[in-house]
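Working notes for the structure below.
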Amino acid sequence: MKTRITELLGIEAPIIQGAMARIADASLAGAVSEAGGLGVIACGGAPLDWVREQVGIARSITDKPLGANVMLMDPNAGALAELLTELRIDVITTGAGSPANYMQMWKDAGIKVIPVVASAALAVRMERLGADAVVAEGTESGGHIGELTTMAVVPSVCQAVSIPVIGAGGVADGRGLAAAFMLGAEGVQMGTRFLTVEECTVADAYKERVLAAKDSDTIVTGRGSGHPARCLKNKFSRQVRKLEGDMAKNGEALEELYLGSLRRAVEGDVDNGSMMAGQVAALVGERKTAAEVVAEVMAEAEALASAGLAGVAEANARRARMI
Ligand code: TUI
């Protein structure tokens, strides 16, 4: 399948692996790139030495294009931006802010820059700055999120910019990819679907919770503090929500609760960790390899696309009867 995204990035399948802080390392990113998608090493909160090492390991896993993500709220973002330029990473995705300060440096180095945006206004700003593409991310996503749903933000961003758009948030299978294409996207980004693959090094207890999740098992924390993030319901997220009921009184207690919460989750503390995951955790029910996921999503999307609308209705009815 060829789109402006596969052409721009030199990849076979228009599937970008979502950056997941403290989770998406060389093992996962290398496997996704080798499978024909774009693997992305999540650098958010990571020491520079770790990033250098992971880029090296990923390049020993695959010769194909490789991405890295810069989380712009990270105090280390500037140094990281320079390191990734020095390492000549092929693609940089950014999240949780504007990459304006680094755009020229990355463009001069020939790096493809793909900011993640949650609104058309930011997408337009990114296009003006020289972004090669944008990820339009809906509020169904795991982690730090905006307000708009994928169904609304993808077409809205598509009609606001002329650079190619990648749809994200609520995409976990071929149905999601086909739907995102119907909305005007030329690629998709999936995080949660890749969380449970064999090559993902997150603790097994975290994977088990994602595999068992139902559609109403995620919750948004941090709305009060202006940093909303979607994660699985557990003791940690329920406690956060409770304390958020009185921010003035509980500010310090909340800060303490958050401290180290991502690390606890990825190490397998499923009660006290912040287990970020998207609403599509409900659609992730089995363990596969990254290559199996990429192949399955592509095959399903292609079958749906060639079936036409009547064929799609029939396929979905058959699926419903199976469940
Ligand atoms: O960045 C993400 N998702 C993330 S980052 C992350 S790390 C984290 N760790 C602990 C607590 C909270 C987060 C986990 N998940 N997605 C991309 C994304 N970016 N979604 C929304 C945005 C966004 C929001 C506002 C981008 C830009 C923006 O404003 C920029 C501006 O200049 O107005």
Side-chain angles (χ1 to χ4, degrees), residues 16-25 40-46 67-77 80 92-103 113-129 131 133-150 152-154 156-157 165-171 188-192 194-195 202 206 218-232 236-237 240 244 254-266 272-281:
I16 286 92
Q17 167 240 311
M20 297 174 278
R22 290 185 175 266
I23 296 176
D25 58 9
V40 177
I41 296 171
C43 304
N69 175 270
V70 177
M71 209 276 274
L72 293 157
M73 291 191 310
D74 187 340
N76 229 2
L80 184 59
I92 294 179
T93 64
T94 66
S98 165
N101 294 343
Y102 317 119
M103 193 71 103
V113 186
I114 310 184
V116 178
V117 301
S119 69
L122 188 58
V124 168
R125 267 167 59 205
M126 294 302 111
E127 180 176 46
R128 286 202 194 112
L129 282 175
V134 288
V135 175
E137 190 183 271
T139 195
E140 295 92 324
S141 306
H144 180 67
I145 48 170
E147 288 287 342
L148 300 173
T149 61
T150 300
V153 80
V154 172
S156 171
V157 168
V165 175
I166 295 158
V171 181
V188 292
Q189 177 185 274
M190 303 193 301
T192 305
F194 285 117
L195 194 56
V202 77
Y206 195 146
T218 70
I219 191 171
V220 179
T221 60
R223 285 211 195 276
S225 61
H227 298 301
R230 182 178 302 284
C231 55
L232 292 178
F236 165 83
S237 51
V240 168
E244 280 174 342
L254 267 169
E255 225 168 275
E256 202 165 303
L257 195 57
Y258 270 119
L259 205 67
S261 59
L262 261 183
R263 182 184 49 76
R264 289 197 292 276
V266 305
N272 303 301
S274 171
M275 303 176 67
M276 294 183 176
Q279 292 182 335
V280 283

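Atoms within a ligand are numbered from 1 in the order they appear, just like the ligands themselves. Since we're looking at a predicted model, the values are computed, not measured. We number each residue from 1, following the sequence as shown.
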Exercise. Judging by distance only, is a nitrogen or oxygen of T94 under 3.5 angstrom from one on ligand 1?
Worked result: no
Exercise. Nearest to atom 19 (N) of ligand 1, what protein heavy atom do you find, and at what distance?
Worked result: A96 N, 3.0 Å
Seminar exercise, completed: min-distance protein heavy atom vs atom 16 (N) of ligand 1 -> E137 OE2, 3.2 Å
Exercise. With no hydrogens and no angle check, is any side-chain donor or acceptor of R22 less than 3.5 Å from a backbone partner on L262?
Worked result: no
For this session: Specify whether F236 and Y258 have parallel, tilted or perpendicular ring planes, treating 30° as the upper limit for parallel and 60° as the lower limit for perpendicular.
Result: perpendicular
Exercise. At the 4.0 Å heavy-atom cut-off, does R125 count as touching ligand 1?
Worked result: yes
Seminar exercise, completed: G143 heavy atoms within 4.0 Å reach ligand 1 at atoms 14 (C), 15 (N)
Problem set entry | Whether G97 lies under 4.0 Å from ligand 1, heavy atom | yes
Exercise. Which residue owns the protein heavy atom closest to atom 5 (S) of ligand 1, what's the atom, and how far is it?
Worked result: M71 CG, 3.6 Å
For this session: For residues P99 and L72, report the shortest heavy-atom separation together with the two atoms involved.
Result: N-CD1, 3.6 Å
For this session: Check L129 against S98 and note the closest heavy-atom contact, atom names and distance.
Result: CD1-OG, 4.4 Å
Exercise. What are the two closest non-hydrogen atoms of V280 and V171, and how far apart are they?
Worked result: CG1-N, 4.0 Å
Seminar exercise, completed: heavy-atom search around atom 17 (C) of ligand 1 in the protein gives V116 CG1, 3.2 Å
Exercise. Donor-acceptor pair, T150 side chain versus G169 backbone, under 3.5 Å?
Worked result: yes
Exercise. Which is it for Q189 and E137 under the side-chain contact (heavy atoms from CB on, under 4.5 Å) test, yes or no, and what are the steps along the way?
Worked result: CA-CA 9 Å; Q189 177 185 274; E137 190 183 271; 3.7 Å; yes
For this session: Could you establish whether H227 and ligand 1 come within less than 4.0 Å of each other, counting only heavy atoms on the residue side?
Result: no
For this session: Determine yes or no for a side-chain-to-main-chain donor-acceptor pair under 3.5 angstrom, with N69 supplying the side chain and T93 the backbone.
Result: yes
For this session: Measure L122 to ligand 1 on non-hydrogen atoms and call it side chain, backbone, both or neither using the 4.0 Å cut-off.
Result: side chain
Problem set entry | Proximity of M276 to ligand 1 by residue part, where a heavy atom lies under 4.0 Å | side chain
Exercise. Less than 4.5 Å apart, any side-chain heavy atom of I219 and any of C231?
Worked result: yes
Exercise. Given that the side chain starts at C-beta and the backbone is N, CA, C, O, which of these parts of H144 lies under 4.0 Å from ligand 1, counting heavy atoms, or is it both or neither?
Worked result: both
For this session: Determine whether any heavy atom of L262 lies closer than 4.0 Å to an atom of ligand 1.
Result: yes
